[in-house]
Number of protein chains: 2
Amino acid sequence: MSEASWDRSQCSVAGTLGVVGEKWSLLVLREAFHGVRRFADIQRFTGAPKAVLTDRLATLVEHGILRREPYQAEGARQRHEYRLTTKGLDLFPVLIALMEWGDKYLATGDVPPVALEHRDCGSAVHLGLRCDEGHEVGSARQVRAIPQGAALSAG
Amino acid sequence: MSEASWDRSQCSVAGTLGVVGEKWSLLVLREAFHGVRRFADIQRFTGAPKAVLTDRLATLVEHGILRREPYQAEGARQRHEYRLTTKGLDLFPVLIALMEWGDKYLATGDVPPVALEHRDCGSAVHLGLRCDEGHEVGSARQVRAIPQGAALSAG
DNA sequence: ACCCCTGAGTTCATCAACCGAACCTAGAGC
DNA sequence: GCTCTAGGTTCGGTTGATGAACTCAGGGGT
C-alpha cells in the first residue's frame, strides 16, 4: 500500500466528520432541512436526549452551520430558533447521499419515505457524479483519487 | 411545525447512519476507496484503536459493505484483507460530499489535499444535484422534500 | 398577587463506548 | 524450537450518551 501512503492529517473527509460526525448532528441537520427550527421539535423528531441536543446545537452554531435567532410566538415570550446558514445549506449533498444509499439498500416499503422535487419544475432530484467534460461517472471505480499539495509531504 | 410532522422511523438518512455512522466507519471506508485493504494499514492511516477497528470492520462486513478475502503475501501465511463490495462502492457519494464540503470550508492550503479525476478523460470529478429534466440544482432551497408512502402514517 | 403552563434548557446517576498499552496466536523462516 | 509478523483480544481508565428529575423565565388566567 505504499502508493496510498500520504498525510491524512488534513483530510477533508476527516475534517468534516470532526464537525458534523458526532452522533445526532446529521439528524439535527436533517430536521433543519425539513424546516424544523425549535428545540422541542428537533428533540421530538430526532429522539436525541436534551443534554446531547443542547451540545450538538451549540457545536453547530459555533461552526456557523446553524444560527440562533430570536422569535416570538403570539402569547409567548421571546425564544430562539435554529436556522441553517449558507454553510449549513451546503451540507445538503451529504444528507442526500446518505438518503439515496439508504433508499437503495435499506428499503422496506415499495417507495422511499421521502421524495425530493425541484421547486422550479416539479421533477425528481438526484445526486450524481460527473466530470468537467460533462461525462456521467457511474461508479467509484472510474474515479482516481490523487493526493496533492500539503498532503504529499509524509505518510 | 405541523407540516414537518411525519414518521421518521424508517428515514433513510437515519438508517444509513445506523450502518456507517459510528465513529471511524467512514474513515475506514475512505481508506478502502484509497485502495488500503489490510488491517495494519487501515489502523495506521485512520488512527483508530485496534479494538474499535476490529468491531467496525466486522460491522461493515456484516452489512455487506466490505468483504473479507484471503490473500497470501510471499513468504507469509495466509491472511485476510478487506475489499469494497458494490454496496460499499455505492457509498462513494457520501465520502465525496463530505470531502467537497471540507474542501470548501476547512481549507488550510491553497489546494485541496485530494483531487478526483475521471479515469476515462482525466478531468476533475464533482458531485452535483440535478433534476430529471436536466436542470442543475444549485441550492438546497430549490428542493422540496416530500414525505410519502409509509412515512405518512403518523408523527 | 398568586398559581400554573410552556419551551428551553441544566443536573445527576447510570450505563455504554472509546482509548492506549499490553498481551496472545498461528504460521513462515531460520 | 526460536523468533518475527499481521491481526487480532483483553484490560483498566476515561470520555460520552442516556433518561428522569429539576430549574428558570416569562405569559395568561383567576
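We name chains A, B, ... by the order of the sequence lines, and we start the count at 1 in each one.
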key: Spacing of A:R30 atom CZ and B:R8 atom CZ [to the nearest 0.5 Å]   = 6.0 Å
note = Ranking B:Y71 and A:E74 by the position along DNA chain D of their nearest nucleotide, the one closer to 5' is B:Y71
remark   = From CD of B:Q43 across to P of D:dT9 the rounded distance in Å is 13 Å
task = Figure out the CG/P separation between B:L27 and C:dC19, and round it to whole Å.
result = 11 Å
inquiry  = In this structure, how many angstroms lie between the P atom of D:dA6 and the CD1 atom of B:I42, rounded?
reply    = 14 Å
task = Looking only at side-chain atoms of A:R77, point me to the closest of C:dG7, C:dC18, D:dG19.
result = C:dG7
query = For DNA chain C, whose closest nucleotide is more 5', that of A:F39 or that of B:Q72?
reply = A:F39
inquiry  = I need the NE2-P distance between B:H80 and C:dA26, as an integer number of Å.
reply    = 13 Å
ask   = Starting at CG of B:L57 and ending at P of D:dT9, how long is that distance when rounded to a whole Å?
value = 11 Å
ask   = Would one find a side-chain N or O of A:K23 under 4.0 angstrom from OP1 or OP2 of D:dT18?
value = yes
query = DNA chain D: A:Q78 or A:E22, which has the more 5' nearest nucleotide?
reply = A:E22
remark   = Tested for side-chain contact (heavy atoms from CB on, under 4.5 Å) against B:L29, the lone hit among B:L91, B:T46, B:L89 is B:L91
query = So, is A:W24 close to the D:dT18 phosphate, meaning a side-chain N or O under 4.0 Å from OP1 or OP2?
reply = yes
inquiry  = Regarding A:Y82 and A:R37, do their side chains bring together a donor and an acceptor under 3.5 Å, going by distance alone?
reply    = no
message = How many whole angstroms separate atom CZ of B:F45 from atom P of D:dA6?
response = 13 Å
N/O (side chain, B:R68) to phosphate O (OP1/OP2, D:dG8) under 4.0 Å = yes
ask   = Minimum heavy-atom separation for B:D7 to B:A150, with atom names?
value = OD2-O, 4.3 Å
query = Are more than 12 heavy atoms from other residues, nucleotides or ligands located less than 6.0 Å from atom CZ of A:R141?
reply = no
task = Indicate whether OP1 or OP2 belonging to C:dC18 is found under 4.0 Å from a side-chain N or O atom of B:R56.
result = yes
Gap between atoms CG and C1', on B:D55 and D:dT10 respectively (whole Å) = 15 Å
ask   = Does B:Y82 place a side-chain N or O at less than 4.0 Å from the phosphate oxygens OP1/OP2 of D:dA6?
value = no
ask   = When the distance from CZ of B:R79 to P of D:dG8 is rounded to whole Å, what number comes out?
value = 9 Å
query = Nearest of D:dA6, C:dT10, D:dT10 to any side-chain atom of A:T54?
reply = C:dT10
